[in-house]
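In what follows, a structure is listed as structure tokens, so that the remarks can point back to it.
Keep in mind it's a predicted model, so treat the numbers as computed, not measured.
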Amino acid sequence: MQMLYPSKAGSLIFLIVLSFLVSPAALAAVDLEEGWEYRWGDSPLTDDGVPRWIFAGEPEQWQAIGFPSNPPGRDGREHVWYRVTLPEREWRDPVLYIFSVDLIVQVWLDGETIYQYGTFDDVGRGRFEGWPWHAIPLPEGFGGKQAYFRVFSDYTDIGLWGEVAIMERPELTMFILKNSLEALVISGFSALIALLTLIFALLQTDKKSFASIALFSLSSALMLLADSQASQLLWNVPLLWDYLAAGSYYMLPVAMALLLEQWFADHRPWLINLVWKIHLVYAVSAIGLALTGLVNLSSTFPVFDAMLLVSLTAVFIVVTRRFRHLQIEQQVILAAYGVFCSLLVLDMAVAHGVLPWWRVPVSWGTLIFSLAVVLISLWHYARTQQALHRLNLSLEQQVAERTEKAEALARREQARVRLLTFENEKTRVLNDIIAELQDCISLNQTFHVLSRRLPDLCSPLRGTLYKRVDDGQAYELLTRWGYAGEPESPPYIETPNGPPPHSQVPARYSEAADQSWSEWQEGVDGSLCLWINLQSATEGQVTMALLFVEVPEEFAADGTDYGAARLFQALSQGVQKIGIALSSISLREDLQKYSYEDALTGLKNRRYFDQLLEHESAVALRSDQPLSLLIVDIDHFKRFNDTHGHEAGDSALKAVANMLARHFRDSDVVCRFGGEEFVIIMAGSSAKAAYDKASELARAVRAMPVEHGGFGLGNVTISVGVSSWPECSDSPDSLLGLADRALYRAKEAGRDRVEIS
């Protein structure tokens, strides 16, 4: 993969600054989220060394897939092909961006190789060469053409990973920098903590815990830097970065176990001692074997992940039994480490396909750990200042004045600590809410969670929560909190013109500490309205709930130390994250609802048809577009079964199903209705177009030979009933009955014909 820009640190800093100046509209990209197909195995080659599968043919061998990763039925296979039709659009310098590939890939377009990462040997295998992101240059005129991806992987995952999109090359650079900025900043902060604790470890050799904290902070900083996508802009050596990431990742449990061993030294913690020794041996062995070429670096990750889960469980048991006996600062560090490990386990689950792909904020775990170290340092600093104050009471007035200034500084620092603690508590509550929402299997369950947990998130503010009903025409009261002896909230809010306006906090009031809260409150009528939105696959963005919170009068007073504007800003961001979680649940429900398939023919089944016909009927009425329905029946199918046997009958059904799948448009939906009957939904097709299509289908089936077990069984014919809205019916709901009656007339008229209602 070629670098987008020179990998000098100065250039990277310039690009980071530039990424803040670029308008978000300029970073528009086309995500390739639909239209993917896969095929297991590796393609044979032509005499010129070109894979045969990149040429049109054998469409039945390609199966649809939502995202090109880990298709079903792997069974130990190491080769897979994917393909997708690239969208048409005006581009200046387009590139195909892929977040990652497991493990090596070759991309073909228009019969030519346009990209390759890794080396394929004579049997299509190759060694692991890193997990970089890929920027694949696209030639002119690529729109509307199919791109083919040849993938080899002996890893637990196989295929593309994360994100696949087409964007302009400069915009990709901005995209990478924006996604990496958080990790880079936190990595630098953690490295600074590592440096400071290392200095303390050298100055105070009797406190070995500083060295363990330094090792942990340095390992986490290196891991974040190596795992960030911007690392390739610094130095485009993906495998080296992966070695650095693996080494630092493998050293994390070593550092923490060393720290715990020192804290529990009086209890002879043989289990923790065994943990850090095993992980240290594994880290050295795994990296050493990978460097010598005896194993692939990628194969060392699953083994370590399993070891880490076992180690975390063992350490958790030991720590839980002795947690209350630790000092406060030790408990804080362990709590921060627990948050970090939780995010690490989530990231591990995403990496191994246990959870759907998303960017797990592991960097926030590192930040929380670093902040815990900083807070403990500040706490010790505050205690030191208080001791100095007591000792200096007898000194001269000049010394007393200086001490008073030091106390003022300490109070300001304590206020900042309280605010950070408050925000961390809100972050913890929000994370708990998101975790509970992710455990829900339906949107209805999520409202029980929100009703129970939102009061904790909004505290100390009082408010109400309303749920969307009547397709958005109204909102119903779910819960209220913080009110005692005051008038009841309206149980029902009519919203025929849409929900009330969404309240927003201007950025300057959340970023500038010296801004007056009362300035922002001017124009606010005493309450704020926050929308809880989700993205629906059918309706787009939907406001599923309304959150109203009151603005207390005491928050309007100048000089308040509650950080009210920051509180409301954090609450608004938390509501957005809740909306993302609800969107995921909604998408999962939609996928569950429409993922029905007939096992014999591979077509959608009757249940899917019933749900889709209702959906398409509603769409046709809403958009005033025609809707046609075809019912296809194989003539004399019972006689065919009696003559040739049921297995031959299954072959005939599959042959007709394949013909139907090839004959109709991608926008048409073919389903097996039952037995030897099939139905086709043709959205946007008039009665004449549907009739002509049915006639062409009847001729094609009539000429199609049926084979079973290598023997020809002759031909079959079909009868077709056609109905269309609005030409044949006043309502799309009656299309099925009309088409069935038309099919009956075709049967009565001698079969092998098409009738329209």
Side-chain angles (χ1 to χ4, degrees), residues 37-44 52-53 55-65 71-75 77 80-81 83 595-609 630-666 668-681 693-722 739-740 743-744 746-755:
E37 296 177 306
Y38 74 95
R39 184 173 181 177
W40 283 115
D42 201 4
S43 172
R52 297 183 183 276
W53 288 359
F55 302 106
E58 300 182 319
E60 68 279 0
Q61 298 297 327
W62 295 88
Q63 303 294 325
I65 190 170
R74 182 175 183 180
D75 295 330
R77 286 179 279 202
V80 68
W81 280 71
R83 69 179 184 183
S595 60
Y596 302 107
E597 185 176 285
D598 178 59
L600 176 64
T601 63
L603 301 175
K604 297 298 182 182
N605 59 17
R606 171 69 179 272
R607 181 180 297 176
Y608 180 85
F609 164 76
L630 281 64
I631 300 184
V632 178
D633 184 87
I634 302 177
D635 297 329
H636 301 297
F637 187 69
K638 184 178 183 303
R639 184 192 305 168
F640 188 93
N641 269 346
D642 294 341
T643 303
H644 302 289
H646 289 284
E647 291 184 357
D650 289 345
S651 297
L653 284 172
K654 288 190 282 188
V656 172
N658 291 335
M659 176 63 73
L660 289 170
R662 294 194 302 269
H663 188 74
F664 289 92
R665 306 168 302 177
D666 291 340
D668 302 331
V669 180
V670 183
C671 304
R672 186 181 178 188
F673 197 62
E676 66 272 20
E677 286 188 336
F678 302 87
V679 289
I680 302 95
I681 300 176
K693 201 69 175 178
S695 300
E696 293 176 7
L697 174 65
R699 289 194 295 270
V701 172
R702 190 184 306 126
M704 176 188 68
V706 178
E707 296 183 355
H708 176 69
F711 297 97
L713 304 180
N715 301 78
V716 296
T717 61
I718 59 173
S719 298
V720 185
V722 180
D740 188 61
L743 174 64
Y744 181 78
K747 292 285 189 180
E748 289 294 312
R751 294 180 171 82
D752 191 17
R753 60 188 296 119
V754 178
E755 290 289 340

Ring pair (Phe, Tyr, Trp, His ring centres under 6.0 Å) partners of [X], counting only residues at least two apart:
| X | value |
| --- | --- |
| F640 | H644 |
| F664 | none |
| F678 | none |

Looking at [X] and [Y], what are the two nearest heavy atoms and their distance?
| X | Y | value |
| --- | --- | --- |
| C671 | Y608 | SG-CD2, 4.1 Å |
| W40 | W53 | O-CH2, 3.5 Å |
| P72 | Y38 | CG-OH, 3.6 Å |
| G649 | N641 | CA-OD1, 3.1 Å |

Quick one: salt bridge (Lys or Arg N to Asp or Glu O under 4.0 Å) partners of [X], sequence neighbours excluded?
| X | value |
| --- | --- |
| D650 | none |
| E37 | R83 |
| R606 | D610 |
| E755 | R753 |

Please table the atom pairs, donor to acceptor, closer than 3.5 Å between any side-chain atom in residues 696-707 and protein atoms at least two apart or in another chain.
from	atom 1	to	atom 2	distance (Å)
R702	NE	D752	OD1	3.3
R702	NE	D752	OD2	3.0
R702	NH2	D752	OD1	3.2

For atom OH of Y744, is the number of surrounding heavy atoms from other residues, nucleotides or ligands below 6.0 Å larger than 12?
no
side-chain contact (heavy atoms from CB on, under 4.5 Å) between E677 and L743, worked out:
CA-CA 10 Å; E677 286 188 336; L743 174 64; 3.7 Å; yes
For F55, which residues count as a side-chain contact (heavy atoms from CB on, under 4.5 Å) partner, sequence neighbours excluded?
T46, V50
Give me each pair satisfying side-chain hydrogen bond (donor to acceptor under 3.5 Å, both in side chains) with a member in residues 710-720, each pair once, sequence neighbours excluded.
D635-T717, D635-S719
Note, R672 side chain near L600 side chain (heavy atom, < 4.5 Å)
yes
Check: residues 651-662 side-chain donor-acceptor pairs under 3.5 Å, at least two apart:
from	atom 1	to	atom 2	distance (Å)
S651	OG	E647	O	3.3
S651	OG	H708	ND1	2.8
N658	ND2	K654	O	3.2

Excluding sequence neighbours, so at least two apart, what forms side chain to side chain donor-acceptor pair (under 3.5 Å) with H663?
none
Approximate separation, where rounding is to 0.5 Å, of F609 CZ and I680 CD1
9.5 Å
